[in-house]
A.B. asks: 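Supplied in C-alpha cells, the structure appears directly below.
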Amino acid sequence: MNRYVTAEITGNFSVGKNYRLLSLRCPDTGRKPKAGQFYMVQVRDSSDPLLKRPFSLFRKTAEGIQLLYRVQGKGTTLLAGHVAGDSLHLLGPLGNGYPVQKPVAATASAPASVTVAHAAAPVIIAGGIGIASVFPLIEEMKGKATVLYGARTNDDLLLLDELKGLTDDFHICTDDGSCGEKGNVIDLLQKILPADTKNLPLIYACGPKPMLRAVSGFAVSRNITAYLSLEEHMACGIGACLGCVVKIKTKEAKDMGTEDVQQRESSAKDAAYQRICMEGPVFKAEDIVW
Amino acid sequence: MNRYVTAEITGNFSVGKNYRLLSLRCPDTGRKPKAGQFYMVQVRDSSDPLLKRPFSLFRKTAEGIQLLYRVQGKGTTLLAGHVAGDSLHLLGPLGNGYPVQKPVAATASAPASVTVAHAAAPVIIAGGIGIASVFPLIEEMKGKATVLYGARTNDDLLLLDELKGLTDDFHICTDDGSCGEKGNVIDLLQKILPADTKNLPLIYACGPKPMLRAVSGFAVSRNITAYLSLEEHMACGIGACLGCVVKIKTKEAKDMGTEDVQQRESSAKDAAYQRICMEGPVFKAEDIVW
Amino acid sequence: MVEPLSSNLEVTIGSLKLKNPVMTASGTFGYGPEYAEFIDLNRLGAIVVKGLSLEPKEGNPPPRIVETASGMLNSIGLQNIGITAFIKEKLPFLKRFSTPVIVNFFGDSLDEYAEAASRFDGVDGIHALEMNISCPNKQAGWSVFGTDPAVTCEVVSAVRKKTKLPLIVKLSPNVTDIALMARVAEDSGADALSLINTLTGMAIDIRTRRPKLANIRGGLSGPAIKPVAIRMVYDVYKAVKIPLIGMGGIMNAEDALEFMMAGAAAVAVGTANFVNPSVTVEIIDGMTAFMERGKIQEIRSLIGAAHAG
Amino acid sequence: MVEPLSSNLEVTIGSLKLKNPVMTASGTFGYGPEYAEFIDLNRLGAIVVKGLSLEPKEGNPPPRIVETASGMLNSIGLQNIGITAFIKEKLPFLKRFSTPVIVNFFGDSLDEYAEAASRFDGVDGIHALEMNISCPNKQAGWSVFGTDPAVTCEVVSAVRKKTKLPLIVKLSPNVTDIALMARVAEDSGADALSLINTLTGMAIDIRTRRPKLANIRGGLSGPAIKPVAIRMVYDVYKAVKIPLIGMGGIMNAEDALEFMMAGAAAVAVGTANFVNPSVTVEIIDGMTAFMERGKIQEIRSLIGAAHAG
Ligand SMILES: Cc1cc2nc3c(=O)[nH]c(=O)nc-3n(C[C@H](O)[C@H](O)[C@H](O)COP(=O)(O)OP(=O)(O)OC[C@H]3O[C@@H](n4cnc5c(N)ncnc54)[C@H](O)[C@@H]3O)c2cc1C
Ligand SMILES: Cc1cc2nc3c(=O)[nH]c(=O)nc-3n(C[C@H](O)[C@H](O)[C@H](O)COP(=O)(O)OP(=O)(O)OC[C@H]3O[C@@H](n4cnc5c(N)ncnc54)[C@H](O)[C@@H]3O)c2cc1C
Ligand SMILES: Cc1cc2nc3c(=O)[nH]c(=O)nc-3n(C[C@H](O)[C@H](O)[C@H](O)COP(=O)(O)O)c2cc1C
Ligand SMILES: Cc1cc2nc3c(=O)[nH]c(=O)nc-3n(C[C@H](O)[C@H](O)[C@H](O)COP(=O)(O)O)c2cc1C
Ligand code: FES
Ligand code: FES
C-alpha cells in the first residue's frame, strides 16, 4: 500500500493556548514511521488552501499516529476546526528520521570527572513547536538523553509533565523567563557542555532557523556532531517539485576541509541544493550552508 | 440594521434524496421578507467557492427564516455539510416578491358556469426546486389557490403532505409518471384552464427556464397575467455587478403593442436589460424577451 | 509623555487628496447607492463608479457571470446608463458625501474617448477621471487601445488634451510588457495609473460543451489574480514616477497593504464587495489596526516598502 | 445485439500515439520515479520530465514556493541534473514502462537550445521533445525567447533543424497575443504546442515587507489560472492546425475535458500532482466514466467541441 492514505480523525484536542494534538487512525501502509519523519496533511478538501501542510511525526499509536501542531496561519486554523470522525488525506511518513546511535554508559575513555550526568548520552534540543519532531526521539532514548527545551514564553512550553517523566536530565528555558531559565537553549547548551567537556555527546535539534543556526555554530566550533531537522515551504513532500531545498556541502567540498573552501570563491561544486523532504529533513550541522 | 448579517444554523435536514431544509436564526433587520424574495448565502468562509449562492425565502419563522435547497454543485454540497450551531453570512431579503392580489370569490362578471373550482383564485405553478420560491405564496393564499407542482420524478417532489394541507386544489405531475400525472405542468395548465375559461386567474410560477418559457407562452396567448420568478448567475445580489440580467421590454415598446414591435427591426429601445436581483426576480411574463 | 500620534491614512494621487487609500473598483460598486445601506460612503478614500460611455450601452447577453477557483469571470460588456444620465441621475446622490468621486469611462473610438473626457470637465462633484483602455469584453479590434503602445499613446494624449481633471489611466494586464505600457501612459500625460484590470479568461460547461459565458470570453477577477496584480504593480513602480492605484483580488487589509508595499499609493477593492458588501470599511479599519500594532504613523511610508533593501 | 464498444481514449500528438490524453506537466513530476509508488506509470498517456539543460543548473535560493489563493508560485529556477546525467541515470528507469517519455528542455542561448535538442536525437527511450521557451523564472533578457515573435521564430527554427523527434513548443502565457506566438511557433516547425506555462506573479510578506520568494517573482500555477489557460487554448485552437497540449490548473477529469473541448488534443497535469500524487490515474478513470455515461466512444471527438455551433 502506498503512503497516500485517507486517515480518520479520532481526536483534535487543545494542548495549550495555540497548540493542538491531532490523533489519526491510519490504514497500515507497512511502513514504520521513525522519529524525525513527517507527513503532508490536507487541511481541507478545497482548492484554497491548495497545498498540504507538513507536520512531524509526534507519536506512533496503535491505530495510527499523532501530530502536534501550532495554530499559526490559514491551514492550521482550518485544521483546528476538524473534529473526531472527520477524515483527511495524509501522505507519509516522508523524509529520513534522526540517525539514532543508542547512548552508551560512560566508558574508560570518558573519565569519571565529566560534569554532565550521562556523558555520552545525546543532547536533544527543542525550540518551540520543534518539540513535536524530537518528542519520539526522546521517548526512544528511554531516559538516556539530556533534553533542552526552549520557548518564547511559558504558554509555548507543551507537555512538560509528560516530558519530565521521559528523561531525568531536563532543562527548560524561556525568552521572558516565565518558566525555567531566562534565556535560550544555546545558553543552556553552553552550561551543560562547558569547554572542557571530554566525552562529547551527539546533538539532535529541531526548532526555528535562528536557533538551529546557533546550535550549528556551537556544534561545529566544538567538533560535535549535530543532527538538525530543517523546515522549508513544501509543495509535494516527495521530491518532485524541488521546492524545499537547502544548500548542502558537496562531498568534494567536505573532503577539502573548511579552510580551503573559505579561501577560494565558492563555486557550484562546493555546495548543491538538496531537498529537505527527500534528503532531509534531518541534516548534519557541518554540511549545511546557512 | 442593514441586510448583511451573520445567521446561526439551527437545523439543516434532509427532506428528500438531494434536498435539504436549512433553518437559520437571524438578527432582526427590521425587514419582513416576502414570498418571492431571496437571500445570498455564503456557503463557506473561503475564497473557493468565492461567491454567495442565491436561495429563495422558503418560510419565515419566529427566529428567522428557512431555505429549501437542492444539493447540486460545489456550493450546495458544502452547505449540506453545515450543522446546527455553525454560522454563516447572509444577505437579504433581496429583490421584489410576488405581487399579491388576494383572490376574490367569483363575481357577476364571472358566470357560474366556469369549470375551474376557484375561478379567480390564482394558479401557482412550481417546477422542481421552484417550489421553494412559491411555497410562502401558497401559504399566504390560505387555501385559495390552485397549485400545480411538476418535477422530474417522484424523488424530486418535496413536502407533499404539507402542501396538500395548504390547498384543496393541488395537481401533481412528473416527467416519468412516477407520481401524479405523467407530463408537465403545461399539460396540467391546459387541462384546468380550457380555452373557454372565462374568469381568468393570475398565474405565479417558478421553475426551470424551459418551463417558465412555456408558461409564459401559454399566459400571453391566453391574455393571462403571469408573474414568473427568474434565475440567473449572481455575484452581488444587490444590483451592483450587473451580472444577473434579463431582457425586459421597455415601456415604449409595450405601449406600441406586440404587432408593431414585431414588424420592425428590434432596436435597443424596444427592450433593455434589467437586473433580476433588483428589478426582479419576479417579472410579468408579457414583459420578458426570451 | 508625548501623546501617541494617531495613525494617518492620508495619501495623494497627484493633486487628489484621499483620507485613506481605499477606493472602490469600477464596475463592482454600481454608481454608489447600491452600497449605502451597508457602509458609510463618507468613510471611503474615493468612489470609482461603473465605466461610462457617451451613449448608454446595453451590454452582453447573460450568462454574464461564472465563478472560477478563487475568482470569477464577468462579461458584463460595459453596460452603463451613459454620461448624461449619470450626471443627471446619479451624481447628485454622490455629491452628498465628502468622498471624492472618480469617473471611469471608455469609448469605442479615439474621438469617443476624447469627447467623453471633455464632458466631465467643470462638472461639479467629479474629482478625477479613470480611463479604461483595457476592458477585454468588447469584440475584436477593441482591446488594442490598451495593448498596442502606439495606440495607447495616441488615445491617452487625446484625452489628456480634453481634461484638466486628474487623469488616471487603467492598464490592461493582458500584455507582454506592463512596464512599457505604463511608461507610455505616463509619457502621454497620465497623472496616475490603475492596475490591474481583469485577465481575459474563459470557462466551458462540459455537459453542454458550450462556453459558460454567452459572450464566450470574460474578465477574471478576485483572489486568483492577486499574484499577477502584485507583480505588475511591483514592476510598474520601478518603471514610472506617477502614483499607482493597485487592485486585483483584494479581500482584506493584509491584501491591501501588500499592494501598497508593492508600490501602490492607493488601492481599489472590486470583487470583494460582492462577497461582503461592507468589506471596504473593514479594510480601512484593518489598516488602522495594522498601523497601531506596528506603530506606523503614516501609511504613506509603506508605499513601495518591498523595494527597499 | 451489438457489443457496446469500450471507450477509446487514444489520441495522437503529431506522429506520437498516446493511449490516453493525460500527460504530466514538466517540473511537477520529477523524473518519474517520485510517483512510481503512487500510480502505475504505464497508465499515463505520456511522462514529461523536469526541464533539462546542457549543464546541470543549481536553481534559485529558497524560499521557492508560496501558496496563493487556489494556486502557488514557484521559483525553482530550472534546477536540473543536466541532459547527460538524465540520459545516464534517469532514462533507464523510464524505459521500463510502455509510456512515451517527452523531454522538456531549455537553453540560455540559441546555441544552447540547438545543442540541447541535438543531444536527444537517436537516444532510445525518448519519444518527443518539449521546448520550454516560456519560463518566467530566469533573470533579465531570458524570457524574450517566448515573448518576442522574431526571437521565438529564430530559436524554434534552430531547434527544428537539429531534431527529427516530434517537437512540442511550450508557449508562455505572459504575452499580449498568444495566437500570434502560436502561429509563429507553428510556422517555425513545431509539431505541437503546449500551453500554458505559468503566469508571472509575486507575493509580499507584509510583516517583513519583503517578497516571499527569494527570487522575488515566480510562476503562478494551479486552479487559479485555469480560466486564462482555457481561453488561450480556445484562441490558439482557432489559429493553428497543429495539435495542442492543454494545461493550467487541471485538478480532475472535468477540468481535463474542459481543456479538450477548448481544443486540446491532450492535457498535462501539473500542480495537482502535489495535492494528490495519484491524481493522474484518477483523471484517466474519470474520463472513462464520463465517456461511458455520455456514450462517447472516441475521446478524440471531444477535441475542440466547444467551437462547434
Ligand atoms: C518537515 C516539517 C515538519 C514540520 N512539523 C511541524 C509540526 O510537527 N508541528 C507544527 O506545528 N508545525 C510543523 N511544521 C511547520 C508547519 O508545516 C507550518 O506551521 C504550517 O505549514 C503552517 O501552515 P498554515 O497554513 O497554518 O500557515 P500559513 O502561513 O498560512 O501557510 C502558508 C504556506 O506556507 C507554508 N508554511 C508556513 N510556515 C511553514 C513552515 N514553518 N515550514 C514549512 N512551510 C510553512 C504552509 O505549508 C503553506 O504552504 C513543519 C514543517 C516542516 C517543513
Ligand atoms: C433568485 C434565485 C433564487 C433561487 N432559489 C433557490 C432555492 O430556493 N433553492 C434552490 O435549491 N436553489 C435556488 N436557486 C438556485 C441556486 O442558487 C443554485 O442551485 C445554486 O447557486 C447552485 O450552487 P452550487 O454551488 O451548488 O452549484 P454550482 O453549479 O457549483 O455553482 C457554480 C456557480 O453557478 C451559480 N449557479 C448555479 N446554478 C444556478 C442557478 N440555478 N441560478 C443562479 N446561479 C446558479 C452558483 O451560484 C455559483 O456561482 C435560486 C437562484 C436564484 C437566482
Ligand atoms: C463585474 C465587474 C465589472 C467591472 N467593470 C469594470 C468597468 O466598467 N470598468 C473598469 O475599468 N473595470 C471594470 N472591472 C474591473 C475592476 O474594476 C477591477 O479592475 C478588477 O475586477 C480587479 O479587481 P478585483 O479582483 O478586486 O475585482 C469590472 C470588474 C468586475 C468583476
Ligand atoms: C514547481 C513547478 C516547476 C515547473 N517546472 C517547469 C519546467 O521545468 N519546465 C516547464 O516547461 N514548465 C515547468 N512548470 C510549468 C508546468 O509544467 C505547467 O505548465 C504549469 O504549472 C501549469 O500547469 P498546472 O497549473 O497544472 O501546474 C513548472 C511548474 C511548477 C509548479
Ligand atoms: S516538497 Fe517538493 S521536493 Fe520537497
Ligand atoms: S447579482 Fe449583481 S446586479 Fe444582480
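Chain A is the first sequence line, chain B the second, and so forth, proteins listed ahead of strands; every chain is numbered from 1.
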A.B. asks: Determine, step by step, whether C:Thr176 and D:Thr176 satisfy the side chain to side chain donor-acceptor pair (under 3.5 Å) criterion, reporting the C-alpha distance in whole Å, the side-chain angles of both residues, the deciding distance to 0.1 Å, and the verdict.
C.D. replies: CA-CA 5 Å; C:Thr176 306; D:Thr176 306; 3.2 Å; yes
A.B. asks: Nearest 0.5 Å, please: how far is CD in C:Glu258 from CE in D:Met202?
C.D. replies: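 The CE atom of D:Met202 sits 8.0 Å away from the CD atom of C:Glu258.
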A.B. asks: Counting only heavy atoms closer than 4.5 Å, note whether D:Ile225 contacts chain C via side chain, backbone, both or neither.
C.D. replies: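 Contact with chain C: none, neither part.
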A.B. asks: Go through C:Val66, C:Val233, C:Asp177, C:Asp235 and name the one with the most non-hydrogen pairs under 4.5 angstrom from chain D.
C.D. replies: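 The candidate making the most pairs under 4.5 Å is C:Asp235.
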A.B. asks: With a 4.5 angstrom heavy-atom cut-off, could you sort out which part of C:Leu73 is near chain D: side chain, backbone, both or neither?
C.D. replies: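 It is the side chain, since no backbone atom gets that close.
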A.B. asks: Looking at D:Met261, is its backbone amide N or carbonyl O close enough to the side chain of C:Arg209 to form a donor-acceptor pair, meaning the two atoms are under 3.5 Å apart?
C.D. replies: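 Side chain of C:Arg209 to backbone of D:Met261: no pair is present.
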A.B. asks: If you round to the nearest 0.5 Å, how far is CD1 of C:Ile206 from CE of D:Met260?
C.D. replies: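 These two atoms lie 11.5 Å from each other.
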A.B. asks: Side chain, backbone, both or neither: which part of D:Ile178 has a non-hydrogen atom closer than 4.5 Å to chain C?
C.D. replies: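 When you check distances to chain C, no heavy atom of D:Ile178 falls under 4.5 Å.
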A.B. asks: For the backbone of D:Leu199 and the side chain of C:Arg231, can you confirm whether one donor and one acceptor N or O come within less than 3.5 Å of each other?
C.D. replies: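 Looks like no, no N/O pair under 3.5 Å.
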A.B. asks: To the nearest 0.5 Å, how far apart are CZ in C:Phe259 and CD1 in D:Ile204?
C.D. replies: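 Here the interatomic distance stands at 9.0 Å.
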A.B. asks: Between C:Leu220 and chain D, which part of the residue has a heavy atom less than 4.5 Å away: side chain, backbone, both or neither?
C.D. replies: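 Side chain only.
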A.B. asks: Tell me, side chain or backbone of C:Phe290 under 4.5 Å from chain D's heavy atoms, or both, or neither?
C.D. replies: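 Only the side chain of C:Phe290 comes within 4.5 Å of chain D.
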A.B. asks: Can you name the nearest heavy-atom pair linking D:Arg217 to C:Lys238, along with the distance?
C.D. replies: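 Looking at all heavy atoms of both residues, the closest pair is NH2-CE, 4.0 Å.
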A.B. asks: Minimum heavy-atom separation for C:Pro211 and D:Ala306, please, with both atom names.
C.D. replies: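 Where C:Pro211 meets D:Ala306 most closely, the heavy atoms are CD-O, 3.9 Å.
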